[in-house]
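Read through the structure below, which is laid out as structure tokens, and then see the notes.
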Amino acid sequence: MLQMDVASLKRSIGDTSCYELQAALTPLEVRGETVSFCGPVRVSLDVCNTGEGLLARGQIAGNLQMTCGRCLEFFPYAFSLPFEETYRPVSGGGEASSGSSKNDTESVTFSGDILDITPEVINNIILALPMKALCREDCPGLCPHCGCNLKAGQCGCESEKIDPRFNVLKDFFGREKK
Ligand SMILES: [Zn+2]
Ligand SMILES: [Zn+2]
């Protein structure tokens, strides 16, 4: 869990605290696929008490185990993303003033002295995932004939392709022999 103790920060408006967090997160379910993390997710944040809430800004970094869209092999996918979120403390029943706060999707509410940013971090990672991940930009993928992984080397199917110019020659020599 990516959690920080904001007990003292909560009480001092205008203050900023730095947090370095890291946690091993459970695998993500993305578009029907399970994506696991390789190692912990690291978050470094500056959290500022703006008076209205806690503005957390920083960077998320880590590695995911993704499946290559071409060769179907697992590969480590490194990510580094900006993070920005406003956390508003839940005030005890003082929500009657204006209805606008309910439509406010810009901020997340929290209560107590522990701020858990795990859900927002996970959302950010999922949103940043590529639709089709490739183990490398020029991954040759699988051979359409035998299914072998061309990254490991040529499979032999390629050499069976007959050069059309060679066919002409074969015909030519075939005719000569008659
Ligand atoms: Zn690949
Ligand atoms: Zn092949």
Side-chain angles (χ1 to χ4, degrees), residues 1-4 17-48 54-87 105-108 110 114-178:
M1 285 297 184
L2 295 160
Q3 295 176 330
M4 30 195 180
S17 293
C18 300
Y19 294 88
E20 295 288 333
L21 312 170
Q22 69 172 47
L25 299 182
T26 50
L28 306 174
E29 281 295 329
V30 189
R31 294 182 281 268
E33 220 187 300
T34 305
V35 181
S36 313
F37 289 94
C38 308
V41 172
R42 298 177 306 281
V43 184
S44 54
L45 288 179
D46 280 341
V47 185
C48 176
L54 301 178
L55 173 62
R57 268 191 298 202
Q59 205 75 18
I60 316 167
N63 283 285
L64 283 165
Q65 193 182 52
M66 301 274 290
T67 311
C68 175
R70 281 192 200 144
C71 68
L72 309 178
E73 275 189 355
F74 286 126
F75 69 99
Y77 174 81
F79 61 89
S80 179
L81 309 167
F83 181 83
E84 183 169 340
E85 198 71 62
T86 304
Y87 292 89
T105 51
E106 297 288 299
S107 64
V108 179
F110 77 101
I114 303 296
L115 187 55
D116 185 355
I117 62 165
T118 314
E120 289 74 49
V121 168
I122 288 175
N123 272 346
N124 272 269
I125 296 171
I126 290 176
L127 286 176
L129 283 182
M131 280 302 277
K132 193 165 193 170
L134 298 177
C135 61
R136 58 179 214 220
E137 209 50 57
D138 62 342
C139 172
L142 304 177
C143 171
H145 305 289
C146 70
C148 111
N149 190 349
L150 296 175
K151 209 168 52 173
Q154 290 298 326
C155 52
C157 295
E158 213 68 19
S159 57
E160 280 168 31
K161 255 197 241 157
I162 295 162
D163 191 325
R165 285 168 301 173
F166 184 65
N167 261 342
V168 174
L169 273 175
K170 242 179 22 184
D171 280 0
F172 178 76
F173 285 118
R175 240 177 273 132
E176 279 290 276
K177 275 184 185 166
K178 271 176 198 166

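Atom set for the values below is all heavy atoms of this structure, side chains included, hydrogens, waters and symmetry mates excluded. Remember, it's 1-based here, ligands and their atoms both numbered in the order they're listed.
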Report, rounded to 10°, the angle at the Zn ion (ligand 1) between the two atoms SG (Cys71) and SG (Cys68).
-> 100°
For Ala61, does its backbone N or O pair with a side-chain atom of Ser80 as donor and acceptor, under 3.5 Å?
-> no
Shortest non-hydrogen contact from Phe37 to Thr26?
-> CE1-O, 3.5 Å
Thr67 to Phe75 - nearest heavy-atom pair and separation |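 Heavy-atom minimum between the residues: C-CE2, 3.8 Å.
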Between the side chains of Glu29 and Thr34, does any donor sit under 3.5 Å from an acceptor?
->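 Note: Glu29 and Thr34 side chains meet the donor-acceptor criterion.
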Would you say His145 reaches the Zn ion (ligand 2) with an N/O/S atom under 2.8 Å?
->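 For His145, the answer is no, given that no N, O or S atom comes within less than 2.8 Å of the Zn ion (ligand 2).
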Round to 10° and report the angle made at the Zn ion (ligand 2) by SG of Cys157 and SG of Cys155.
->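 Output for this angle: 110°, rounded to tens.
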